[in-house]
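Notes to accompany the following structure.
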Number of protein chains: 2
Amino acid sequence: MKSDRSAGKVTLADVGRVANVSAITVSRALRKPEMVSPKLRQRIEEVVAELGYVPDPVARALASDRTDVIGVLIPSVTNSVFADVLRGIYSVVEGSPFSVQFGNTRYSVLEEERLLRIFLSQRPAGLIVSGIDQSEASTALLTQARCPVVQIMETGPAPVDMMVGFSHRDAAHDATRHLIDGGYRRIAFFGARMDPRTQRRLEGYTQAVKDAGLFDESLMITTPRASTVELGCQMLSDLLARTQDVEAIFCNNDDLALGVLFECQRRRIAVPDDIGLCGFNDLEMMAVANPPITSVRTFRQEMGRRAAEMVLMRVAGEEVPEPVVDLRYELMARQSTRACEEGRRRRVP
Amino acid sequence: MKSDRSAGKVTLADVGRVANVSAITVSRALRKPEMVSPKLRQRIEEVVAELGYVPDPVARALASDRTDVIGVLIPSVTNSVFADVLRGIYSVVEGSPFSVQFGNTRYSVLEEERLLRIFLSQRPAGLIVSGIDQSEASTALLTQARCPVVQIMETGPAPVDMMVGFSHRDAAHDATRHLIDGGYRRIAFFGARMDPRTQRRLEGYTQAVKDAGLFDESLMITTPRASTVELGCQMLSDLLARTQDVEAIFCNNDDLALGVLFECQRRRIAVPDDIGLCGFNDLEMMAVANPPITSVRTFRQEMGRRAAEMVLMRVAGEEVPEPVVDLRYELMARQSTRACEEGRRRRVP
DNA sequence: TTGTAAGCGTTATCAA
DNA sequence: TTGATAACGCTTACAA
């Protein structure tokens with residue numbers, strides 16, 4: 001008699017009993033059909049269907065010391081940037097026998113480390129982590145991990161294993177150059193959250209304005225708060241309360257940019273004629289705003305897709321031809337940064 | 001000698017050996033400390049720390065026939081509505097020994113069913129599913145599930161187990177009434193995706209306009225496409241190409257409403273004077289748009305939080321005092337629906 | 001309070 | 001090609 005713990009679950013042994021073969025043969029028939037004679041294979045398949053056998057992933061994991069779970073660590077579940085990445089990952093994983101498990105690090109390196117330990121104890125098939133700023137302990141854990149690891153969202157000099165991202169510094173630098181080239185001189189920076197990637201965007205901005213001799217610390221507004229549209233409104237209000245001498249604003253992301261746009265509309269500040277405006281990420285709405293807002297397009301779904309593909313390839317034993325990928329970015333120049341023909345005039349003399 | 005399969009992993013038996021106790025005592029010391037004498041407990045804790053023992057959740061799951069994983073099935077990973085729900089769930093689960101695993105059903109009942117089978121085979125501690133429109137098979141699976149189940153996002157007459165949501169029909173009805181009460185007569189409905197919840201919003205709208213004798217099928221625009229801001233722009237353009245006789249628009253969600261607003265700005269259509277505008281969900285940006293947009297606030301984080309709490313209570317063996325919760329909604333009336341003092345005039349006579 | 005023995009459902013290993 | 005046996009690391013049931 002079966003123990004009552006198992007609650008009537010159909011096991012490999014049950015299938016074997018009915019099909020008159022051993023459990024291990026059933027296991028093989030399901031995992032490596034070519035190793036079982038056609039005759040037996042068919043009989044087993046029939047019994048599996050008849051009994052409604054479903055393999056137990058937990059038992060499989062314990063016995064084989066591996067799972068079909070790909071662990072994904074992202075800093076935020078609400079940020080649409082990461083939602084896009086997840087969509088990319090799902091698009092690849094959905095067609096495979098693998099599944100995805102996330103962890104939400106909430107932009108905390110310590111939380112990331114804690115989650116990493118938990119995930120690793122679950123024998124993941126692969127691991128996808130965000131960014132390149134892991135703690136020393138996390139880096140050690142990842143290096144020792146006995147599964148493929150992909151760092152996403154960013155590129156950097158020392159990949160733990162594989163990597164797919166882009167340079168936030170370069171992207172911000174180019175966006176700032178775009179404003180400078182458009183004739184804007186007094187260019188502000190609005191930054192929220194100030195996570196490592198935002199920091200590097202700030203560096204790119206700073207470099208560009210310094211190189212052009214346009215650096216002015218009083219034009220930088222940053223906050224550790226998460227970015228919202230409302231925050232964009234407030235930042236513009238704060239800046240204008242301090243100085244009217246602003247010609248353009250580079251926002252660390254599109255939420256802020258949208259807030260700036262709304263606030264400009266309320267204050268009858270013409271975009272791009274009074275103030276030029278550039279966002280970051282190129283959310284869908286940027287292209288249809290009034291006016292359309294210039295932004296830096298990043299390939300978020302593609303990052304997720306590529307990362308998942310890399311993991312699957314390695315799990316399948318294939319070699320990944322390009323284990324470090326820089327996906328770049330694209331400056332989507334729109335009406336919000338159309339510079340005047342004869343150079344920018346200051347808004348207030 | 002240990003088998004090489006385990007790759008040097010520290011086990012309960014290892015800890016026991018060093019601490020001079022049996023493995024089961026170590027197990028108890030970690031799970032039910034009060035059952036172990038203080039002396040042994042302390043010695044064991046020291047050895048655990050010394051050896052860096054980490055419990056193996058896979059082995060635990062196999063032995064105890066349960067996991068600490070709460071399965072969550074949502075229709076979309078990119079829709080910010082569900083992102084908010086997830087945040088609520090995380091806020092509760094993060095402080096517990098439980099973890100979350102999602103599935104993305106992509107608004108497909110069949111995919112939901114498939115995922116449900118997978119999840120159930122993994123002995124979840126609890127299950128949170130979206131909506132009340134599961135397939136017959138899924139409902140059967142959920143009914144038989146040996147774990148707590150919560151349906152979220154919606155309320156309905158026949159909960160499988162527990163439920164926390166609100167009535168989309170009532171919410172849409174009230175929003176439409178708000179427009180009618182504001183003096184608007186020619187009220188359009190814009191709907192995207194047309195999933196079951198959107199359908200019920202449409203029903204609420206239809207009921208309200210019919211009751212007021214204002215029903216006009218030609219004012220309803222729906223599409224199976226996912227909602228985007230751009231789609232909102234297009235829908236307005238389509239509607240206006242067909243008729244100028246429109247006084248207000250109730251959008252099935254805020255993305256569409258934002259698109260309508262941008263398109264109105266471009267066409268110099270004054271909101272709310274030429275056209276009244278109401279969204280659904282009350283995303284953060286609605287309050288700071290220009291003008292601020294009326295929307296129906298729903299308590300998405302709260303839904304996630306409550307659902308997770310219900311699961312945890314039941315897992316802990318406690319009784320859930322209120323297993324079916326209607327969280328209601330709140331109409332956030334803003335400038336975009338400010339009706340004229342002396343009743344609405346038609347925009348075009 | 002602590003320990004022994006027997007699983008949990010699967011797969012690795014080695015033998016037939 | 002098939003099977004017997006022994007893990008995998010932990011917990012349940014029961015005994016001391």
Side-chain angles (χ1 to χ4, degrees), chain A residues 1-44 48 51-68 97 120-123 125 146, chain B residues 1-44 48 51-68 97 120-123 125 146:
Chain A
M1 200 180 76
K2 300 186 64 164
S3 143
D4 57 345
R5 263 214 265 166
S6 58
K9 177 177 234 179
V10 178
T11 70
L12 275 183
D14 296 331
V15 176
R17 211 167 297 126
V18 175
N20 268 311
V21 294
S22 70
I24 185 67
T25 303
V26 179
S27 173
R28 280 199 277 253
L30 295 172
R31 286 178 303 131
K32 305 169 184 171
E34 71 283 2
M35 286 184 66
V36 175
S37 67
K39 207 181 107 195
L40 272 191
R41 199 191 311 161
Q42 197 196 330
R43 176 145 39 106
I44 289 169
V48 162
L51 265 47
Y53 168 76
V54 179
D56 184 335
V58 172
R60 170 175 290 175
L62 184 61
S64 65
D65 200 36
R66 42 178 245 87
T67 64
D68 292 342
L120 283 169
S121 75
Q122 319 221 31
R123 312 165 171 76
R146 299 186 308 151
Chain B
M1 199 180 75
K2 299 187 63 161
S3 144
D4 57 344
R5 262 212 263 168
S6 60
K9 175 178 238 182
V10 178
T11 69
L12 274 186
D14 295 332
V15 177
R17 211 167 295 126
V18 175
N20 266 313
V21 294
S22 69
I24 185 65
T25 304
V26 180
S27 172
R28 280 199 276 254
L30 296 172
R31 286 178 302 130
K32 305 170 184 171
E34 70 283 1
M35 286 184 65
V36 175
S37 67
K39 206 181 109 195
L40 273 191
R41 201 190 311 162
Q42 197 196 329
R43 176 143 41 103
I44 289 170
V48 163
L51 264 46
Y53 168 75
V54 179
D56 184 335
V58 172
R60 169 177 291 176
L62 185 60
S64 64
D65 198 36
R66 41 179 239 85
T67 63
D68 291 344
L120 282 169
S121 76
Q122 318 220 31
R123 309 166 173 73
R146 300 186 310 148

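What's counted below: heavy atoms across the whole structure, side chains too, no hydrogens, waters or symmetry copies. Letters A, B, ... are given to chains in the order of the sequence lines, protein chains preceding strands, and every chain is numbered from 1.
Between C:dT10, C:dG3, D:dT11, one nucleotide has an atom nearer to the side chain of B:Ser22 than all others, and that is C:dG3. Checked against D:dG9, C:dT11, D:dT2, the side chain of A:Ser64 finds its nearest nucleotide in C:dT11. The nucleotide whose nearest atom lies closest to any side-chain atom of B:Leu62 is, among C:dG3, C:dG9, C:dT1, C:dG9. Taking the side chain of A:Ala59 as heavy atoms from C-beta on, and the options D:dC10, C:dA12, C:dG9, the nearest nucleotide is C:dG9.
Considering all non-hydrogen atoms of both residues, A:Tyr53 and A:Val15 come closest at CB-CG2, 3.7 Å. Closest heavy-atom contact between A:Pro55 and A:Pro57: O-CD, 3.2 Å. For the pair B:Ala61 and A:Val58, the tightest heavy-atom approach, listed with the atom from each and the gap, is CB-CG1, 3.7 Å.
Comparing A:Asp56 and B:Asn20 against DNA chain C, the residue whose closest nucleotide sits nearer the 5' end is B:Asn20. Nearest-nucleotide assignment on DNA chain D puts the 5′-proximal partner with A:Leu40, out of A:Leu40 and B:Val54.
For the pairing with A:Ser22, the side-chain contact (heavy atoms from CB on, under 4.5 Å) check across A:Ile24, A:Val26, A:Asn20 returns one residue only, A:Ile24.
Between B:Ser27 and D:dT11 there is a side-chain N or O to OP1 or OP2 distance below 4.0 Å. The phosphate of C:dT1 has neither OP1 nor OP2 within less than 4.0 Å of any side-chain N or O from B:Ser37. A sub-4.0 Å separation between OP1 or OP2 of D:dT2 and a side-chain N or O of A:Thr25 is absent.
C:dA12 atom P lies 10 Å from atom CG of A:Asp65, rounded to whole Å. Distance CZ (B:Arg60) to P (D:dT12): 9 Å, rounded to an integer number of Å. As rounded to whole Å, 12 Å separates atom P of D:dT2 from atom CD of A:Glu34. In this entry the distance linking CZ of A:Arg17 with P of C:dT10 reads 12 Å, nearest Å. At whole-Å resolution of the value, CD1 in A:Ile24 and P in D:dA4 are 11 Å apart. The nearest whole Å value for the distance from the CE atom in A:Met35 to the C1' atom in C:dC14 is 13 Å. The distance from atom CG of B:Asp14 to atom C1' of D:dC8 is 13 Å, rounded to the nearest whole Å. In this structure, A:Leu12 atom CG and D:dT2 atom C1' are separated by 15 Å, rounded to whole Å.
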Quiz item: Are B:Thr11 and B:Asp14 close enough, and set up right, to give a side chain to side chain contact (heavy atoms under 4.5 Å, CB included), and what steps lead you there?
Solution: CA-CA 5 Å; B:Thr11 69; B:Asp14 295 332; 3.3 Å; yes
Quiz prompt | Step-by-step side chain to side chain contact (heavy atoms under 4.5 Å, CB included) determination, B:Arg146 to B:Asp65 | solution = CA-CA 11 Å; B:Arg146 300 186 310 148; B:Asp65 198 36; 2.9 Å; yes
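Under a 3.5 Å cut-off, the side chain of A:Thr67 and the backbone N or O of A:Arg123 do form a donor-acceptor pair.
If you check every strand for non-hydrogen atoms under 4.0 Å, B:Arg28 touches a base. Note on A:Val21: only backbone sugar-phosphate atoms sit closer than 4.0 angstrom, heavy atoms only; bases stay farther off. Residue A:Pro55 is classed as a sugar-phosphate contact, given heavy-atom separations below 4.0 Å to backbone atoms only. Across all strands, A:Val36 comes closer than 4.0 Å only to sugar-phosphate atoms, never to a base (heavy-atom distances).
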Quiz prompt | Base-pairing string, 5' to 3', of DNA chain C - Watson-Crick or wobble, under 3.5 Å, | interstrand | solution = ||||||||||||||||
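For the atom pair OG1 of B:Thr25 and CE of B:Met35, the computed distance is 9.5 Å after rounding to the nearest 0.5 Å.
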